[in-house]
Each structure stands twice: as structure tokens, then as C-alpha cells.
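Beneath this line is the structure, given in C-alpha cells, with notes to follow.
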Amino acid sequence: MSSLYENREKEPAMVKVRFAPSPTGYLHLGGARTAIFNWLFARHNGGRFILRIEDTDKSRSTEESIREILEAMEWLGLDWDEGPYRQTERLDIYRREAQRLLDEGKAYYCYCTTEELEERRKKALEEGRMPKYDGRCRERTEPREGVDPVIRLKVSQEGETEIHDLIKGEVVYPNSQLDDFILVRSDGTPTYNFVVVVDDALMGITHVIRGDDHLNNTPKQIQLYRALGYEPPQFAHVPMILGPDRTRLSKRHGATSVLAYREEGYLPEALFNFLVRLGWSHGDQEIFSKEELIQHFSLENVGRSPAVYNPDKLLWLNAHYIKTGDNGRLAKLLIPFLMREGLVKEAQQPDLEWLCRVVETLKERAKTLKEMAQMAAFYFQAPQEYDPKGERKFLKSQILPYLEALVSELDKLNDFSERSVEEAFNRVMERFDVKLKHLAQPCRVALTGKTVSPGIFEIISVMGKEEAISRLKRAIEHIKSKSDT
RNA sequence: GUCCCCUUCGUCUAGCCCGGCCAAGGACACCGCCCUUUCACGGCGGCGACGGGGGUUCAAAUCCCCCAGGGGACGCCA
């Protein structure tokens, strides 16, 4: 019976993955994509997705950051099945595990000070050596006066450690590169490399999917799993997202916070779709619903090379989701942006049904909700002034008769639908024997102040009879006052 | 410096594992044309890549080796 072999090959009964952000800032694009890959992997395999906050660095972790991260995940629709766990609430577990390693002789106290370490590191770098801890406290039996010790793991320097990475393939590290890394700081708090292993093991994580900046940590962690007597999980190291300058994505590259995209008027499904296609693909398909992603996602189709973040494509996707989005939903999402533009006051919410019609006229040309709100301005306020070029070109005295005729035709309408507005235009065009463009452009400038807008019939219809006529009359007066002088 | 990862159009990528279907496909951006009351949308077309060098083979983007470039790690950060 080759039972050992079979056990190795057999997939774990239940896939369990985690996303483990450190709350030292907002959720950025790279972190969000890692979360998405984990979530998708769990959902695809009918497994569990757990959220764990890695807050062992007390000096840098903040509650505000935790709130931000959770909010960003909720916005993206990444729901978790367990957690959020907080590592600061599990300190007794780490203490117990550290003591166990100490008792078993697999870890030891180290009394070297930060200053001494820093000096040795500097020297090593200068001499072109690898700056690693030399293990000098391994055999120390006596404490050192006035120094709070750290706990280090005895790491084997012999041989090599192999990683069977689901994305990178076989990766082999010479153990000579490893050093006795710190498990517990001198203040008694555990370090990342320690807690990540303890938690992943104890929480039964089957697949660790994370950024490939962690690939280098993996051999250390594997040694720790073994020292602890736990079976290492499967690893999948996802290539990082790079900025346009091909370095690690950071604040330098502009807005990288997930929530900042919401503020800029991006739809969560657009960012989701964009992020998942950065490094993962399914043939030539670009647009994916969540259901399709869950159905198709697999680690095999994750690329091995890093991806440069391309804001133009995100914008295109966002435009697509706006274009195809539900008017009612878009209208609701648009309101905060209208308020920010000063078009809608907090107290008086616009009529949603009407707003839906506004959205309908704008959704084909707006790439973001922010942009849509800006383009919607003329629906809320009559032009304060006319675009100079448009005025010169279209608001001329020759067109006065057309505009006046149009006002009277519109005034006769009971039904103010797009269709009947169009018919009113047709009557005016026939009477004066002019083409639509000679009527439409002056009208557009009169109504919106600009030479660019959605279709003339739709905006008039949506604007309403009273408002449209009043704006046309104002334009007529404006033209007259000019020609008088 | 050492170790690890990566390398197809400007960018995201398909193809690579199982060589021939690839004079390398799709998408974003860009350019042009068409549609058209403006702007968009849409349609059509164009531009544009296998990092370099050696092998192996009848045949290599695909397999092997070397080099170069890029990224990452080397913390009492995660």
C-alpha cells in the first residue's frame, strides 16, 4: 500500500484560505487583488475564506486602518466566512507555542542588541557578505545583564528547502541563505513569520495565496512548520503589481487605495474585474461577471510575471459597467457625487425617477460617476454664461426666428416626450426649410451653455417643458440685447 | 554583495507544459474611416511584440544552456 503517496496527492477535503492584511494603512490595489484571488479560489472550490488582521506591530497598527480595510472589502463584495481574527487577541497561543519550541530546544534566547545587530549588518553589507544573523547566542546559557532577550528559531543551515509553488513551480533555496530569525521580540510580542505560521497551521489553512514578495519568507516558514510539528500548506505566490516605472506599486504612483477609487466614481465591479485580469486570464475574455469569475478562476491561469498597473484599462472597464449598469442603481450612486458638485443639497433629494432619465442620457458618455455628475450640471442649473465659441457661432440674430418658432411649438405640447419634442423640431425645420444641425446646435448652447451634450431631444424632454422654454427665452433675449448695442 | 522570481505589441494578455495550426491572436491606449444634430457609443481598418546569443530539431515564441535586463528578499515591518 502506498498510503503515504496517496495522502500526499489527495486534495484536502475542504479548501480553506485566508486574507491577512496588516492594518498599517488603507487597503491598496495589490492587497485587494490578493484578497480577490483568495476569495475567488475559495468560492470556486466551495471552500472557506477567512479574514485575519495581522496587527502584531502595535506601533504601526491602527483601528482606523482596520475599519478602512473592512469597508473596502465590503465595497468590493468580498465577504468572509470567518473572522476577522485579530492576532493581538491570540497572544497567549503564540506564547504557548514559543515556550514549546524553547522547551524542545528548537528555539533559544538571544541577547544581542538592536544596535549590535545593526552594526554587524552594516559591516556585512560593506564587505559584500550576506547580512544574516550569525547564531552566536545559540549556545549561550547565561542571560545578559540589562538586556531583554528575543527568541530565535534554530534554523538548519544545511541542505536546501524546496517549495512546490502552485504558481511558480518548484523553487529551491539553499538553507545557507537562511538565518535564525526572530520569533518573539524583546517586548514579548511575536513577529510576523512566527504568527503567520502558527495561525495558518492552527486555523487549518490549506492554501496560502499571497504576493510573491513573500516567496523569500517561505523557506523560513517551512522550517518553522516542521519545528512546530505541523504540515505546511500549499503555497501560491502571486506576482506583484508594479507602477508605470516598473517598481512596486506605492503612493508615489497616485491613488492606490481601494476606497479612493470609490471616491473617484469607479464602480466596484469595474475595479474587481480590472484587478482580477491583472495576472489572471481566461482566454481572450475581458469582461467577467462575478459568477463567471467564480466558475472559471483557477491558480493555473495566474501568470508568473509581474503586471504593470494600467489606469486607462480600468477607466474603460468602468465606462463599460456604467454603460450597461442599471439606471436606478446608478442614479442612487450618483447622488453623493451630485452633492459634491453642489448640484443637489443634502436636504432635498432629487426625484429618483427623473434622475434615472438623467442617467440614461449620460451613461453612454461618462467614464466615471464623478464625470457623470459634472456632465449632469446643466440639468440642475441654467447656464450662467455661454461657451464663447458656441455663442459666436450659434447664438446669432439670424437664428432668432427659428428659436422663437421652436418656443411656440414646444409651448403647444402637452406630451413632452422625446418623440413629440422631435416632432416639434420637425415642424420648425419644415417651416424654415433648414437642416436639424442648424437648429440643434443653437438650441444646445441656449439650453446647456455648451456645444457638447447628449441628444438634443432627450435633454429637452428630460429637462421639462417649463425649464426648456425658459432657457430658450433667455437665450433669445440675450441675442436681442447683443444686436441692439 | 548574496539568494529567489520574472522576461510575447507602450500596457494587460492568448499561445509555451503536449515543438509545426503563429508570416504570433484578443483587449486598453493611439491614428484613420464610417454612422451622426454636437460629444460620445457603435462598426470597420491601421500602428505595434516573441530581451540577446548559442544549441537540439526537417521545424522553436514553444525544449536545453549562457548572458543581459527588470523585480523582490536579506528588519526586534508585514
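Computed from a predicted model, the values in this text were never measured in an experiment. Within every chain, numbering begins at 1; the chains are lettered A, B, ... in the order of the sequence lines, protein sequences first and strands thereafter.
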**Request:** State which of C76(B), C4(B), G26(B) makes the closest approach to the side chain of Val150(A).
**Result:** C76(B)

**Request:** Describe the nucleic acid contact of Thr189(A) in one word from base, sugar-phosphate, nothing, applying a heavy-atom distance below 4.0 Å.
**Result:** nothing

**Prompt:** Can you tell me how far P of A29(B) sits from CG of Asn310(A), to the nearest Å?
**Reply:** 9 Å

**Asked** Where the side chain of Lys168(A) is defined as all heavy atoms beyond and including C-beta, which of C3(B), C6(B), U37(B) is the nearest nucleotide?
**Response** C6(B)

**Request:** State which of C41(B), C12(B), U37(B) makes the closest approach to the side chain of Glu286(A).
**Result:** C12(B)

**Prompt:** Ignoring hydrogens and angles, does a donor from either the side chain of Arg365(A) or the base of C41(B) sit under 3.5 Å from an acceptor on the other?
**Reply:** no

**Message:** Base of A73(B), side chain of Asn217(A) - is there a donor-acceptor contact under 3.5 Å?
**Reply:** no

**Request:** For the side chain of Arg248(A), starting at C-beta, report the closest nucleotide among G72(B), U37(B), C12(B).
**Result:** G72(B)

**Asked** Can you check whether Ala382(A)'s main-chain N or O pairs, donor with acceptor, with Gln384(A)'s side chain at less than 3.5 Å?
**Response** yes

**Prompt:** Does any N or O donor sit under 3.5 Å from an N or O acceptor when you compare the side chain of Asn216(A) with the base of G72(B)?
**Reply:** yes

**Asked** Taking atom types as modelled, is there a side-chain donor on Tyr111(A) or Asp148(A) under 3.5 Å from an acceptor on the other?
**Response** no

**Request:** Give the nucleotide from the list U37(B), A29(B), C3(B) with an atom nearest to the side chain of Trp316(A).
**Result:** A29(B)

**Message:** Please tell me if Arg304(A) has a side-chain N or O lying less than 4.0 Å from either OP1 or OP2 of U13(B).
**Reply:** no

**Message:** Check Asp387(A) with Lys389(A), please: is the shortest side-chain N to carboxylate O separation under 4.0 Å?
**Reply:** no

**Asked** Is there a donor on the side chain of Ser186(A) or the base of C76(B) sitting less than 3.5 Å from an acceptor on the other?
**Response** yes

**Asked** Could you give the CG-to-P distance, from Leu178(A) to G75(B), as a whole number of Å?
**Response** 12 Å

**Message:** Regarding Pro174(A), tell me which of base, sugar-phosphate or nothing describes its non-hydrogen contacts under 4.0 Å with the strands shown.
**Reply:** sugar-phosphate

**Complete:** In whole angstroms, the gap separating P of U2(B) from CG of Asp134(A) amounts to 20 Å

**Item:** Closest listed nucleotide, where the reference is the side chain of Leu278(A) and the choices are G75(B), C12(B), C28(B)
**Value:** C12(B)

**Item:** Sugar-phosphate only, base, or nothing, as touched by Thr56(A) at under 4.0 Å among non-hydrogen atoms
**Value:** sugar-phosphate

**Asked** Between Lys323(A) and G42(B), is there a side-chain N or O to OP1/OP2 distance below 4.0 Å?
**Response** yes

**Prompt:** Which sits closer to the 5' end of RNA chain B, Asp55(A) or Lys367(A), going by the nucleotide each is nearest to?
**Reply:** Lys367(A)

**Request:** Take the protein atom CD of Glu364(A) and the nucleotide atom P of A40(B), then report the distance between them rounded to whole Å.
**Result:** 13 Å

**Asked** Checking Lys106(A) side chain against Ala227(A) main chain: does a donor-acceptor pair fall under 3.5 Å?
**Response** yes

**Request:** Pick base, sugar-phosphate or nothing for Arg444(A), based on heavy-atom distances below 4.0 Å to the nucleic acid.
**Result:** base

**Message:** In whole Å, I'd like the distance from the CD1 atom of Ile241(A) to the C1' atom of U11(B).
**Reply:** 14 Å

**Fill in**
Closest to the side chain of Pro131(A), out of U7(B), U38(B), G1(B), is G1(B)

**Message:** With a 6.0 Å cut-off on the ring centroids, do His207(A) and Phe41(A) count as close?
**Reply:** yes

**Prompt:** Where the side chain of Arg277(A) is defined as all heavy atoms beyond and including C-beta, which of A78(B), G71(B), G26(B) is the nearest nucleotide?
**Reply:** G26(B)

**Asked** Across the strands shown, which category fits Val172(A) at heavy-atom distances under 4.0 angstrom: base, sugar-phosphate, nothing?
**Response** sugar-phosphate

**Request:** With sequence neighbours left out, write down each residue that passes salt bridge (Lys or Arg N to Asp or Glu O under 4.0 Å) with Asp57(A), or none if nothing qualifies.
**Result:** Arg60(A)

**Prompt:** Whole Å only: how far is the CG atom of Asp57(A) from the P atom of C76(B)?
**Reply:** 12 Å

**Message:** Regarding Ser305(A), tell me which of base, sugar-phosphate or nothing describes its non-hydrogen contacts under 4.0 Å with the strands shown.
**Reply:** sugar-phosphate

**Prompt:** Phe274(A) has an atom CZ; how far is it from atom P of A29(B), in whole Å?
**Reply:** 12 Å

**Request:** Name all pairs fulfilling the side-chain hydrogen bond (donor to acceptor under 3.5 Å, both in side chains) condition that reach into residues 425-436 of chain A, sequence neighbours left out, sorted by first residue then second.
**Result:** Glu409(A)-Arg427(A)

**Asked** Can you tell which of C76(B), U13(B), U7(B) lies closest to the side chain of Ser281(A)?
**Response** U13(B)

**Request:** Would you kindly compare Val308(A) and Val171(A) by the position of their nearest RNA chain B nucleotide and give the one closer to the 5′ end?
**Result:** Val171(A)

**Minimum-distance nucleotide to Ile456(A) side chain [options: G1(B), U37(B), C76(B)]** = U37(B)

**Request:** Using whole Å, report how far CG of Asp180(A) lies from C1' of G75(B).
**Result:** 15 Å

**Message:** When you measure only distances, ignoring hydrogens and angles, does the side chain of Lys313(A) come within 3.5 Å of the base of C12(B) through a donor and an acceptor?
**Reply:** yes

